[in-house]
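Here the structure comes first, spelled out in structure tokens, and everything after it is commentary.
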Amino acid sequence: MLSKSQLLSFGIFFRKFWVINKNSCTTRRERIRFTIFWICLDFIFFVSLHPIFIHFCKIIHFMKISKIQKFGGTSVGSATRMKNVAELINDGDTKIVVLSAMSGTTNSLVEFAKYAAKQNFSKVDEILNNLNQKYSQVISELHKTPEFIEKSTLFINSVFEFLKKTAQKPYSITIEKEILAQGELLSTHLFTYYLQEKNIDCQLIPALDFMHINIHGEPVFGRIETDLANILNQFPNQKLFITQGFICINHNSEIDNLQRGGSDYTASIIGAIVNADEIQIWTDIDGMHNNDPRLVENTKPIRNLQFEEAAELAYFGAKILHPTCILPAKEKNIKVRLLNTMEPTAEGTTISNEVSHSGVAAIAAKDGITSIKIKSGRMLLAYGFLRKVFQIFEDFQTPIDLITTSEVGVSVTIDNNKHLNEIKQKLEELGTVFVEENMAIICVVGQIPSDTIGIQTKVLQAFQDIPIRMVSYGGSNYNISFIVRAEDKVKALQTLHNTLFV
Ligand code: ADP
Ligand code: ASP
Ligand code: MG
């Protein structure tokens, strides 16, 4: 696509032709014709730069948004935290702020939906009362003026009324998703009312008006871009926009979501679409640590990570980031910064294309893994066996995480057991099948290309007292993965940490 300045340079260039060619016209008639031709050309040229033309050509034009700032559940988990966030974002930059639900709310809504499905109304009422109490308390601490106390109270009452009515309806997945969406709607409305009360100029833009997903649950970038541009362009002088993370509209125009933890994804989708300078993920810790801080002692923040490393860590269990959120940022080469709301001056982690270290950067673990081993004499010297195995997983829409093979067997891991029995039955047509549930993936991530010497030995040494079910190395330059029993996970993480980082 050509920018306006490029078009202008073309215009000036053509003008030069005009001067040269005009001099070569000999008769008066020729000159008149020539001048009319150029007037028409000029007219087309200038009209093409007009915003209306740009609009009709569907050339999408965004105002410059410098930052996307996403605040997670704990960052907006109380009235005090919301007030801190309001101070943090109020720096005059043009930005879109993405908020999660207040911490605990989505979990409560999941419970609520579960009991509503079972028509267990005493539990439904209990959850609703707890939520009501919590949010009434937040409102009383958040606002000073009766006007805004009333506005916020009216809003939460409408949400609780909606939840109450919805719980009476027969269960469906759509209803469950409508229930889950209320958390982000609550946090963003209360926060916006707080900003308005403080006279901080802001605009709430509903995610349900632009965040579309397709039948596979993936963002529809083209549609999001058009709809978001239309919304933003209605407020050309606005600097601060607020929107909901996590929630979206699906191919059936129903309320849906980007999976648990998906507000990070919302932030990176928006960041990529508006071509922001950076995407900031604000949370309750000072960046990506070199091991899981919930399970291992003495973990440290990592200052810089490459997109690929961050994606591997997020996918293999580093809860600080939603796994899908790296890709949109990587594709547009927009740096992602992980920052701490409780300690805003801490450096955090910057994720970009730059490689600033060598060797192992971090370790992560993913639970809920099932390992499946298929042993078959038919695999020996045969071709096509793996295709048949993969086809079965594809038929049951079950992604495979890791894979290792030998001449007589193949082992894979999955993290979704929904169709385990059917998959097992089908695989038994190919050979003897062994299934082990309750396993964990331990993932060592960093710059570990195949010509690395020493790291692999060191990593394996850490497992000298821990049985390893599977090893996967060489699939990328960024990870070595091990399958261990779930009960050995913490020991494996701690031992690896002591071996590699202490
Ligand atoms: P938010 O609610 O802000 O989205 P999350 O709970 O999703 O926050 O993610 C932050 C949490 O991720 C931290 O409190 C931390 O306990 C956990 N976590 C797990 N692994 C890591 C890691 N490697 N580095 C940093 N935090 C991690
Ligand atoms: N509120 C949603 C959840 O708890 C999304 C998010 O926080 O990112 O999963
Ligand atoms: Mg999160």
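When reading the values below, keep in mind they use all heavy atoms of this one structure, side chains included, and skip hydrogens, waters and symmetry mates. Each ligand, and each atom within it, is numbered from 1 in the order the structure gives.
Checked against a 3.5 angstrom limit, the closest N/O atoms of Gln259 and ligand 2 fall outside it. Not a single N or O atom of Ser75, backbone or side chain, sits closer than 3.5 Å to an N or O atom of ligand 1. Ligand 2 has a nitrogen or oxygen under 3.5 angstrom from a nitrogen or oxygen of Glu184. Residue contacts with ligand 2: Gly261 is placed with a nitrogen or oxygen under 3.5 Å of a nitrogen or oxygen of the ligand (distance criterion only). Looking at Met288 next to ligand 1, no N or O pair under 3.5 Å apart turns up.
A donor and an acceptor atom, one from each side chain of Ser75 and Thr341, are located under 3.5 Å apart. Asn130 and Glu126 are not linked by any side-chain donor-acceptor pair at a separation below 3.5 angstrom, with hydrogens and angles left out of the test.
Asp488 has a carboxylate O that lies under 4.0 Å from a charged side-chain N of Arg485, or vice versa, which qualifies the two as a salt bridge. Ion pairing between Lys144 and Glu197 fails under the 4.0 Å rule for side-chain N and carboxylate O. Under a 4.0 Å N-O distance rule, the pair Asp401/Lys366 qualifies as a salt bridge. For Asp277 and Lys64, the salt-bridge test passes: some basic side-chain N is under 4.0 Å from an acidic carboxylate O. A salt bridge between Glu308 and Lys330 is present, with a side-chain N of the basic residue lying under 4.0 Å from a carboxylate O of the acidic one. Between Asp292 and Arg294 there is a salt bridge, since a side-chain N of the basic residue sits under 4.0 Å from a carboxylate O of the acidic one.
Between the side chain of Asn132 and the main chain of Leu128, no donor-acceptor pair closer than 3.5 Å is present.
Scanning the protein heavy atoms around atom 4 (O) of ligand 2, the nearest turns out to be Arg260 NH2, 3.1 Å. In terms of protein heavy atoms, atom 6 (C) of ligand 2 is closest to Ser263 OG, 3.3 Å. Closest to atom 1 (P) of ligand 1, if we only count protein heavy atoms, is Thr283 OG1, 3.6 Å. Counting only heavy atoms of the protein, atom 2 (O) of ligand 1 lies nearest to Gly73 N, 3.2 Å. In terms of protein heavy-atom proximity, atom 23 (N) of ligand 1 is closest to His289 O, 3.2 Å. Counting protein heavy atoms only, atom 7 (O) of ligand 2 is closest to Ser100 OG, 3.2 Å.
Proximity annotation for atom 4 (O) of ligand 1: of Lys300, Lys319, Lys70, Lys70 comes nearest, heavy atoms only. The closest heavy-atom contact to atom 27 (C) of ligand 1, among the options Pro301, Pro293, Ala318, comes from Pro293. The heavy atom nearest to atom 9 (O) of ligand 1, considering only Thr74, Asp284, Ile285, Ile320, is found in Ile320.
Atoms of ligand 1 found under 4.0 Å from any heavy atom of Gly287, numbered from 1 in the order shown, are 24 (N), 25 (C). Near Arg294, with a cut-off below 4.0 Å to any heavy atom, the atoms of ligand 1 are 16 (O), 19 (C). Ligand-side atoms of ligand 2 in range of Gly262: 5 (C), 8 (O), range being under 4.0 angstrom from any heavy atom. Heavy-atom contacts of Thr106 reach the following atoms of ligand 2: 1 (N), 2 (C), 3 (C), 4 (O) (cutoff under 4.0 Å).
The part of Asn291 lying near ligand 1 is the backbone, judged by heavy-atom distances below 4.0 Å.
Not close to ligand 2: Gly183, with no non-hydrogen atom less than 4.0 angstrom away.
Taking the six-membered ring where the residue is Trp, Tyr193 and Phe148 present tilted rings, their angle falling between 30° and 60°. Aromatic ring pairs are classed by plane angle as parallel below 30°, tilted from 30° to 60° and perpendicular above 60°; the pair His189 and Phe155 is parallel.
A cation-pi contact, defined as under 6.0 Å to the ring centre and within 45° of the axis, is absent between Lys300 and Phe501.
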